[in-house]
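I have placed the structure first, in the form of C-alpha cells, so that the comments after it can refer back to it.
The analysis underlying the following values was restricted to heavy atoms, covering all of them including side chains, and did not include hydrogens, waters or symmetry mates. Below, chain A is the first sequence line, B the second, and so on; all start at residue 1.
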2 protein chains.
Amino acid sequence: MLTEKDKQAFQDYLTQEGLKFSEQRMQILEIVLQGVKHLTANEIYKNVQKRHPGIGYATIYRTLRLLCEAGLCVELKCEDGICRYEHAADDVHHDHLICTKCGRFVEVVDPQIEKLQDKLFKDNGFLPQRHRMELYGICRQCKK
Amino acid sequence: MLTEKDKQAFQDYLTQEGLKFSEQRMQILEIVLQGVKHLTANEIYKNVQKRHPGIGYATIYRTLRLLCEAGLCVELKCEDGICRYEHAADDVHHDHLICTKCGRFVEVVDPQIEKLQDKLFKDNGFLPQRHRMELYGICRQCKK
DNA sequence: TTGATGTTGAGAATCGTTATCAAAAGATAC
DNA sequence: GTATCTTTTGATAACGATTCTCAACATCAA
Ligand SMILES: [Zn+2]
Ligand SMILES: [Zn+2]
Ligand SMILES: [Zn+2]
Ligand SMILES: [Zn+2]
C-alpha cells in the first residue's frame, strides 16, 4: 500500500525541512506504510533488519518521528505502554477494536459516536482537540 | 470521601487473601480514596510521605495493586505513559475529558455512546470486555 | 520463646524510548 | 579531484516509570 504519492510526500517533507532521503529512511517508510498495520517499533526494527542488517533502534525511532511529523504515520499509545505505528490514511480518523487474546486490531468509525463526543466537549466547555477510543474484547476467531 | 465501608471492604479483602492491614496500607488507602482524584503513583508517594516519612515506592505500588484487586481503585493508563489511580465508585463506569493545558480530568458518561460502543463490538463479532475513551481538549479556564 | 508467615524499604533490574557523540556519507565550493 | 560544511548513522549510555530482590522487621499463634 506504499504509493508513489506517499513516497513523494515524504521526500517533499524532508526537502522542505532541509533533510535528506536515505536508504534506511526508505526501508522504514516501506515497512510502515505497507499492508500490515499497527506495528511496534520493535517489529519495524526486525522487519527492516532483514533487508538492512545493522540498522539501529535510534534510526527507527528518528524516522518514525519524521513520518509522524510529515503526517504520513500515526503513533498509537496503547494500554500495554508500547507504541504502535500505522499509516495515516488521508486524515481519516478511526478508532480501534482490540482483541485481548490475539492482539488483532480492527479499525472502526462511528459517525454517531463522533458527534456525541463533540457534544460532550461542548457541554463541558472544552475546546475539542482529539480523542482516543479503544474497545477491548475477544474477536470471532478467539471466541471459538 | 473515605467511607467506613471502603475501609471495611479493604480489610475484608486482605483477610480473605490471608494478608494483613498495616499503617502504610491505611495511609495509602486514605490518600487514594480521598477527594482528589486521578493521582499518579508519585503524587500518592509524596502525599503519604508527609505523614509517613520513609515510605518506599515499592509499598505504594504494591498497595495500589491490592486496592485494584480489591475493586476499590482503578488504574488509568494515560497517554503520557504515567498511570493514574482513582476511586472505583461502586462499579459505575465513566470516561474522561482531559485538558491538555492544565491536566484537569472531568468524568463523563454518555449512555448513548455506551450503547453504540456495544453495537460496534457486536457488529464486528467481538465479545465486549471493556473500553477506554479519552477526550483531549482545552478546558473553560484554560481557554481564556 | 520460638517458629512461621507477611510486610517493608533500599537498591537493583527491567524495558521502551531518547540522548550523546564520533564516524560515515552527501552535497557544495573551489 | 580536494576541502569544507551539513546531515545521518549506529553503538552506547541515559532516562523514567514500574517491578523485582532480599535482608531486616513486625505480627501472631503455639
Ligand atoms: Zn482475537
Ligand atoms: Zn488503526
Ligand atoms: Zn484546563
Ligand atoms: Zn475518573
Residues in residues 37-56 of chain B with a heavy atom under 4.0 Å of DNA chain C, by number, are B:His52, B:Gly54, B:Ile55, B:Gly56
Distance-only, no hydrogens or angles: does the A:Lys101 side chain make a donor-acceptor pair with backbone N or O of A:Gln141 under 3.5 Å?
no
Sorted by number, residues from residues 6-15 of chain B placing a heavy atom under 4.0 Å from DNA chain C are none
The correct set of residues in residues 72-81 of chain B placing a heavy atom under 4.0 Å from DNA chain C is none
Winner on side-chain proximity to B:Ala58, out of D:dC20, D:dT9, D:dA17, is D:dC20
Picking from D:dT7, C:dT7, D:dT9, the nucleotide nearest the side-chain atoms of B:Arg25 would be C:dT7
Out of C:dG9, D:dC20, D:dT9, minimum distance to the side chain of B:Gln24 belongs to C:dG9
By nearest-heavy-atom nucleotide on DNA chain D, the more 5' of B:Tyr57 and B:Lys20 is B:Tyr57
**Asked** Closer than 4.0 Å, any side-chain N/O of A:Ser22 to the OP1 or OP2 of D:dT9?
**Response** yes
Whole-Å distance, B:Leu66 CG to C:dT8 P, equals 9 Å
_With a 3.5 Å cut-off and heavy atoms only, can you find an N or O donor on one side and an acceptor on the other between the side chain of B:Arg62 and the base of C:dG6?_
no
Taking only the side-chain nitrogens and oxygens of B:Tyr61, find out if one of them lies under 4.0 Å from OP1 or OP2 of D:dT18. yes
For the residue pair B:Phe105 and B:His38, does the interplanar ring angle fall in the parallel (under 30°), tilted (30 to 60°) or perpendicular (over 60°) class?
parallel
